[in-house]
Q: 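Next up is a structure, given as structure tokens.
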Number of protein chains: 2
Amino acid sequence: MIAKLEMFIALAREQHFGRAAVSLGITQPTLSTGIRQLEEQLGVKLVQRGSRFGGLTPEGQRALVWARQIVGDTRRLRDEMRASREGLAGHLRLAVIPTALTWASTLAARFNDRHPRVTFTVLSRASADILTMLDDLEIDAGISYLDNEPLGRVTTRPLYREAYQLVCREDHPLADRETLDWAELGSLKLCLLTPEMQNRRIINRQFMEAGLEAGAAIESNSTVVLVSNVLTGDWVTILPTDLAGFLAEGKPLSLVPLASDSRAHEVGLIAPWQEPYTPVLQALLDEAQRLARPA
Amino acid sequence: MIAKLEMFIALAREQHFGRAAVSLGITQPTLSTGIRQLEEQLGVKLVQRGSRFGGLTPEGQRALVWARQIVGDTRRLRDEMRASREGLAGHLRLAVIPTALTWASTLAARFNDRHPRVTFTVLSRASADILTMLDDLEIDAGISYLDNEPLGRVTTRPLYREAYQLVCREDHPLADRETLDWAELGSLKLCLLTPEMQNRRIINRQFMEAGLEAGAAIESNSTVVLVSNVLTGDWVTILPTDLAGFLAEGKPLSLVPLASDSRAHEVGLIAPWQEPYTPVLQALLDEAQRLARPA
DNA sequence: GGAAGCCATCGGGCGTCCCGATTGCGCTTT
DNA sequence: AAAGCGCAATCGGGACGCCCGATGGCTTCC
């Protein structure tokens with residue numbers, strides 16, 4: 001039963017029988033009959049089929065909610081028993097927005113320091129993907145913006161508020177300024193993240209409120225590209241404080257704080273809401289709370 | 001896996017391998033190996049064993065929480081799919097405190113009127129048992145006091161507040177009084193419920209606050225016994241309004257309202273807290289809300 | 001019209017589950 | 001101290017279900 005629910009979840013995620021089977025390490029016929037049997041046991045058609053996968057039926061959508069809950073709880077049961085067997089151990093999968101990667105790294109390092117038998121996978125993902133992956137049980141927790149998208153049934157632990165810095169070469173005209181207003185950035189050659197990324201949308205809003213348009217001459221989905229561009233030309237970019245400090249370190253770059261908008265851009269840890277928490281997840285939430293920059 | 005979790009829950013409930021097996025309709029060896037396999041799969045000893053059942057280990061206690069969640073959600077998945085297949089149908093098991101039985105009856109009747117394909121089992125139980133049975137998945141919902149014991153992870157729907165009446169024969173000295181104070185009951189020959197029942201404890205408290213002792217000459221765990229005693233002798237009893245009206249109807253008995261203590265004694269529907277609700281349970285909660293006596 | 005992709009079905013081998021019978025252990029009784 | 005009894009574990013077998021590779025029917029894309 002649980003195995004079939006896992007098949008169903010994989011199928012809903014992959015939207016394709018073959019790929020779902022591969023992702024579970026079974027063959028396509030096995031998955032096919034598994035879904036059929038699940039449908040028989042529940043007495044309901046879950047999947048719209050032609051000769052191709054055609055999406056879930058309405059009943060399938062409802063069943064998916066329960067399936068995720070059941071399979072998730074089953075994994076949590078296993079995890080917790082393993083933890084009680086061999087101490088706090090296991091594997092945590094995190095998905096993190098690019099601008100919070102240094103924080104994720106710190107969090108993972110500190111956590112691993114305290115609990116050496118817990119290992120990590122840290123993926124860089126867009127904020128919308130993080131919520132999907134949480135739903136699909138592909139990750140155990142994420143780090144993302146807490147105040148933009150509707151978050152759903154999750155627990156959050158605030159970590160910090162993003163404040164931004166202009167990153168430019170040491171020989172740039174603005175390099176020696178103490179602070180800057182967003183309004184002063186209008187005439188610069190900007191490298192920014194691509195518009196589908198939340199961080200870029202936040203920056204766009206700041207520009208808009210300053211009466212400017214955030215026209216980036218170079219866009220990328222990687223912060224490394226942004227900084228390396230700044231190094232090689234007379235470009236500038238805008239990055240959160242911590243990440244800017246990390247990427248600029250040891251390079252001939254200057255960082256100039258931008259007037260911060262304290263209302264928003266709160267970043268924090270996001271985990272599935274559940275009762276009770278497994279020891280490992282509880283420990284992660286605790287570690288995040290310790291790490292949180294005091295407001 | 002789920003089957004084994006059901007075995008584990010049954011074992012925790014029955015505290016006895018043989019009885020647990022019978023309650024599941026399987027043999028004792030099957031249950032025995034099932035538990036063993038569950039322990040192997042989780043890598044943890046769940047049950048303390050000598051040559052007898054010796055209680056759950058601490059890990060077993062923790063695992064039981066998850067097992068109940070998983071098995072409960074699995075049943076809810078099945079229920080919901082059946083509902084979407086053949087409309088609102090199925091079976092609801094309620095456990096109800098004795099003094100609320102008439103309300104339970106009304107609730108079940110009205111619900112069945114609206115949804116004829118849903119059938120009911122209504123059990124009379126003490127309030128503490130109701131919570132245990134909810135935990136053990138033996139019932140789907142209960143009717144009990146909302147404000148006395150700690151309720152745990154449940155949803156509640158208030159139904160009414162208990163107000164009490166003295167029940168006596170028509171020829172009793174107090175039969176014609178409009179109202180009574182608790183303090184006036186000190187000298188009467190009382191039949192009351194047994195002290196382990198919550199209703200009796202509430203009445204005890206009322207007596208205590210009136211400076212009296214609630215010494216019952218006859219005790220029973222059945223309200224039928226109480227009323228039939230009142231009929232045959234010069235006894236009196238104390239019952240909630242609705243139940244008193246029901247039991248006294250057509251008999252030579254008088255009902256005299258007692259000064260009510262509006263603070264407490266709230267009675268309502270109790271169901272496991274869960275997200276989302278199955279259609280049947282949602283409908284029951286809705287019906288309870290409609291039925292609730294306006295405060 | 002041919003090729004490729006996709007899902008369903010088929011048949012066989014293997015694993016697992018369940019049951020009845022029996023054994024082994026510990027407590028109680030005499 | 002020995003017998004009796006209740007309880008859980010173990011054993012051996014028969015049956016069922018699951019998984020896989022192979023294949024077939026259908027659709028879509030060149």
Side-chain angles (χ1 to χ4, degrees), chain A residues 1-61 63-64 67 70-71 74-75 77-78, chain B residues 1-61 63-64 67 70-71 74-75 77-78:
Chain A
M1 183 77 190
I2 287 179
K4 289 166 193 166
L5 292 177
E6 300 226 33
M7 294 182 194
F8 182 55
I9 292 171
L11 178 60
R13 182 180 60 236
E14 304 288 347
Q15 303 273 308
H16 185 287
F17 279 73
R19 281 197 301 276
V22 170
S23 82
L24 295 175
I26 60 177
T27 61
Q28 172 266 319
T30 300
L31 184 130
S32 196
T33 58
I35 299 294
R36 159 168 305 289
Q37 287 171 350
L38 185 62
E39 287 180 328
E40 281 166 9
Q41 288 183 30
L42 296 177
V44 172
K45 195 170 70 166
L46 298 172
V47 177
Q48 209 65 263
R49 296 168 170 91
S51 69
R52 318 219 158 226
F53 176 87
L56 301 185
T57 63
E59 292 83 5
Q61 296 285 357
L64 183 59
I70 293 165
V71 170
T74 305
R75 292 191 190 166
L77 169 60
R78 283 191 221 280
Chain B
M1 183 77 190
I2 286 179
K4 289 167 193 165
L5 293 177
E6 301 227 32
M7 294 182 195
F8 182 55
I9 292 172
L11 178 59
R13 182 180 62 236
E14 305 287 348
Q15 303 272 309
H16 185 286
F17 279 73
R19 282 197 301 275
V22 170
S23 83
L24 295 175
I26 60 177
T27 62
Q28 172 266 319
T30 300
L31 184 129
S32 196
T33 58
I35 299 294
R36 160 167 305 290
Q37 287 172 349
L38 185 61
E39 288 179 326
E40 281 166 9
Q41 288 183 30
L42 295 178
V44 173
K45 194 170 71 164
L46 298 171
V47 177
Q48 208 66 263
R49 296 169 171 90
S51 70
R52 319 224 153 207
F53 176 86
L56 301 185
T57 63
E59 293 82 5
Q61 295 286 357
L64 184 59
I70 294 165
V71 170
T74 306
R75 292 192 191 165
L77 168 60
R78 283 191 221 280

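Letters A, B, ... are given to chains in the order of the sequence lines, protein chains preceding strands, and every chain is numbered from 1. All figures in this text were calculated on a predicted structure; none of them were measured in a lab. When reading the values below, keep in mind they use all heavy atoms of this one structure, side chains included, and skip hydrogens, waters and symmetry mates.
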Q: Which nucleotide, C:dC18, D:dC19, C:dC7, lies nearest any side-chain atom of B:Met7?
A: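 Nucleotide nearest to B:Met7's side chain: C:dC18.
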Q: Indicate whether OP1 or OP2 belonging to C:dA8 is found under 4.0 Å from a side-chain N or O atom of A:Ser32.
A: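 Looking at the OP1 and OP2 atoms of C:dA8, one of them is under 4.0 Å from a side-chain N or O of A:Ser32.
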Q: For residues B:Arg19 and B:His16, report the shortest heavy-atom separation together with the two atoms involved.
A: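 What the structure gives for the nearest pair is N-ND1, 3.0 Å.
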Q: When B:Phe8 is tested against each of B:Ile35, B:Leu42, B:Val71 for side chain to side chain contact (heavy atoms under 4.5 Å, CB included), which residue passes?
A: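 Among B:Ile35, B:Leu42, B:Val71, the one that satisfies the side chain to side chain contact (heavy atoms under 4.5 Å, CB included) with B:Phe8 is B:Ile35.
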Q: Can you tell me the distance, in whole Å, between the CD atom of A:Gln37 and the C1' atom of C:dA8?
A: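 Spelled out: CD on A:Gln37 to C1' on C:dA8 is 13 Å.
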Q: For B:Thr74 and A:Met1, which heavy atoms make the closest approach, and how far apart are they?
A: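 Where B:Thr74 meets A:Met1 most closely, the heavy atoms are CG2-CE, 4.3 Å.
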Q: If the cut-off is 4.0 Å, is B:His16 near the phosphate of D:dA8, judged by side-chain N/O to OP1 or OP2?
A: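 Answer is yes, contact under 4.0 Å.
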Q: Roughly how many Å is it from CG in A:Leu31 to P in D:dC19, rounded to a whole number?
A: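 A:Leu31 atom CG is separated from D:dC19 atom P by 10 Å.
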Q: If you compare every side-chain N and O of A:Thr30 against the phosphate oxygens of D:dC18 (OP1, OP2), does one of them come in below 4.0 Å?
A: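 For D:dC18, neither OP1 nor OP2 has a side-chain N or O of A:Thr30 closer than 4.0 Å.
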Q: How many whole angstroms separate atom CD of B:Glu14 from atom P of D:dA8?
A: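 The answer, rounded to whole Å, is 12 Å.
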Q: Grab the CZ-P distance between B:Arg49 and C:dG26 for me, whole Å please.
A: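 B:Arg49 atom CZ is separated from C:dG26 atom P by 15 Å.
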Q: Using atom names, set out every protein N or O paired with an N or O of nucleotides 22-30 of chain D below 3.5 Å, distance rounded to 0.1 Å.
A:
| from | atom 1 | to | atom 2 | distance (Å) |
| --- | --- | --- | --- | --- |
| D:dT27 | O4' | A:Ser51 | OG | 3.3 |

Q: Can you name the one residue among A:Thr30, A:Leu24, A:Leu31 that meets side chain to side chain contact (heavy atoms under 4.5 Å, CB included) with A:Thr27?
A: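 Of A:Thr30, A:Leu24, A:Leu31, side chain to side chain contact (heavy atoms under 4.5 Å, CB included) with A:Thr27 is met by A:Thr30 alone.
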Q: Indicate the atoms forming the closest heavy-atom contact of B:Ile70 with A:Ile70, along with that distance.
A: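 Scanning both residues completely, I find the closest heavy atoms to be CG2-CG2, 3.9 Å.
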Q: Nearest heavy-atom pair of B:Glu14 and B:Ala20: which atoms, and what distance?
A: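 Answer, listing the atom of B:Glu14 first, then B:Ala20: CG-CA, 3.7 Å.
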Q: Measure CG/B:Leu24 against C1'/C:dC17 and give the value in whole Å, please.
A: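 It is 15 Å, rounded to the nearest whole Å.
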Q: For B:Ile26 and C:dC19, give me the distance from atom CD1 to atom P, rounded to whole Å.
A: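 Rounded to the whole Å, the gap is 6 Å.
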Q: Rounded off to whole Å, could you give me the CG-to-P distance for the A:Leu46 and C:dC7 pair?
A: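 Spelled out: CG on A:Leu46 to P on C:dC7 is 16 Å.
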Q: Indicate whether OP1 or OP2 belonging to D:dC19 is found under 4.0 Å from a side-chain N or O atom of A:Thr27.
A: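 A:Thr27 to D:dC19 OP1/OP2: no side-chain N or O under 4.0 Å.
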Q: Closer to the 5' end of DNA chain C via nearest nucleotide, is it B:Gly25 or A:Phe53?
A: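 Result of the comparison: A:Phe53.
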Q: If I take atom CD in residue B:Gln48 and atom P in nucleotide D:dA8, what distance separates them, rounded to the nearest angstrom?
A: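 The distance from CD of B:Gln48 to P of D:dA8 comes to 14 Å, rounded to the nearest Å.
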Q: Can you see which heavy atom on B:Lys4 is nearest to which on B:Leu38, and at what distance?
A: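 Scanning both residues completely, I find the closest heavy atoms to be O-CD2, 4.0 Å.
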